Amino acid sequence: MLSTDSHRLIIGLTGGIGSGKTAASDYFADQGITIVDADIVAREVVEPGEPAWLAIKARYGADVIQEDQSLNRAWLRQKVFAEPDERKWLEGQTHPRIRDRLIQQLRDATSPYAILVSPLLFESGQSALVKRTLAIDVPVDTQVKRACSRDTNNEEQIRRIIAAQISREDRCSRADDVADNSGTLAQLHAQLEKLHHTYLTMATSTARKQ
Ligand code: ATP
């Protein structure tokens with residue numbers, strides 16, 4: 001594990017698209033737990049004027065910049081999909097900066113333990129930043145149904161995204177803890193409440209060992 005803050009327990013929370021990561025992190029946030037979101041940080045590092053934005057603009061020029069100066073993500077996705085070397089270059093610009101910022105935000109956490117929410121916790125290697133992992137698990141059909149009813153993605157797009165992520169079985173076997181979100185939100189919260197108390201106890205013993 002990489003050291004983010006030797007005194008604080010960091011839990012990595014993951015799950016496939018539409019599995020309920022936000023529903024789960026909202027619960028922990030309501031208990032006063034600091035939440036650091038890898039998706040938000042990934043967007044922050046490419047905001048206009050940021051070093052990664054400047055590097056991307058210098059490499060691809062006007063094609064990649066929209067009128068409001070934000071990146072044309074659809075263009076960029078297409079580019080790196082077609083050219084693996086470009087993907088490598090882009091990840092070289094963004095990944096270290098995302099990691100640094102995640103570490104900083106986790107260090108700034110004020111709660112007894114902190115949570116890093118990352119849809120690609122295992123795939124991205126961000127699991128190295130955390131001490132323990134929690135997967136939110138639902139059957140694929142529920143994932144598709146919930147993700148479709150929440151946003152404008154159609155079923156085919158959702159299934160394509162699911163296919164590109166690690167399998168449900170793989171994610172659950174790698175995680176230390178698994179919460180089943182196939183039932184109601186109240187049923188999810190009951191499982192998270194138990195985990196919250198476990199994490200508080202672990203956080204106390206982690207702090208005592210320092
Ligand atoms: P994404 O990876 O796409 O950001 P997510 O893993 O954060 O998704 P949520 O946004 O928490 O998932 O949940 C997906 C949708 O399913 C939301 O509309 C949410 O309100 C709904 N949802 C989550 N859990 C439940 C549940 N137990 N019962 C019914 N609806 C749920």
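Small disclaimer: the values here were computed from a predicted structure and weren't measured. Counting starts at 1 for both ligands and their atoms, following the listed order. Residues take their numbers from the sequence shown, with the count starting at 1.
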Using the side-chain hydrogen bond (donor to acceptor under 3.5 Å, both in side chains) rule, pick out the option among E91, R97, H95 that qualifies with Q93.
R97
Can you classify the ring geometry of F28 versus Y199 as parallel (below 30°), tilted (30 to 60°) or perpendicular (above 60°)?
tilted
S149 near ligand 1 by a heavy-atom separation under 4.0 Å:
no
Of all the atoms in ligand 1, which lie at a distance below 4.0 Å from a heavy atom belonging to K21?
1 (P), 2 (O), 5 (P), 6 (O), 7 (O), 8 (O), 11 (O), 12 (O)
Any non-hydrogen side-chain atom of Q126 less than 4.5 Å from a side-chain atom of R99?
no
Going by the angle between their ring planes, with limits at 30° and 60°, are Y113 and H196 parallel, tilted or perpendicular?
tilted
Have S182 and T142 got a donor and an acceptor in their side chains that come within less than 3.5 Å?
no
Around atom 1 (P) of ligand 1, find the nearest protein heavy atom and jot down its residue, atom name and distance.
R150 NH1, 3.4 Å
Determine whether any heavy atom of L188 lies closer than 4.0 Å to an atom of ligand 1.
no
Tell me, which protein residue and heavy-atom name are nearest atom 28 (N) of ligand 1, and how many Å apart are they?
R146 NH2, 3.3 Å
Pick one of side chain, backbone, both or neither for how T184 approaches ligand 1, counting any non-hydrogen atom pair under 4.0 Å.
backbone
Which atoms form the tightest heavy-atom contact between W53 and Q69, and what is the distance?
NE1-O, 2.8 Å
For atom 7 (O) of ligand 1, the closest protein heavy atom turns out to be T22 OG1, 2.7 Å
Would S19 count as a contact of ligand 1 if the rule is a heavy atom under 4.0 Å away?
yes
Is A147 near ligand 1, meaning one of its heavy atoms is under 4.0 Å from it?
no
Nearest protein heavy-atom contact for atom 13 (O) of ligand 1: which residue, which atom, what distance?
G20 CA, 3.9 Å
Heavy-atom protein contact below 4.0 Å for atom 24 (N) of ligand 1
yes
With R73, the side-chain contact (heavy atoms from CB on, under 4.5 Å) member among R43, Q66, Q78
R43
Check the pair V138, R146 against side-chain contact (heavy atoms from CB on, under 4.5 Å), reporting the backbone distance first and the verdict last.
CA-CA 10 Å; V138 288; R146 287 184 185 160; 3.7 Å; yes
For E193 and Y27, which I'm curious about, is there any donor-acceptor pair between the side chains at under 3.5 Å?
no
Does A23 reach ligand 1 with a nitrogen or oxygen that is under 3.5 Å from one of the ligand's nitrogen or oxygen atoms?
yes
Between ligand 1 and A24, can you find any atom pair, the residue atom being a heavy atom, that is separated by under 4.0 Å?
no
So which protein heavy atom does atom 27 (N) of ligand 1 come closest to, and at what separation?
N181 OD1, 2.8 Å
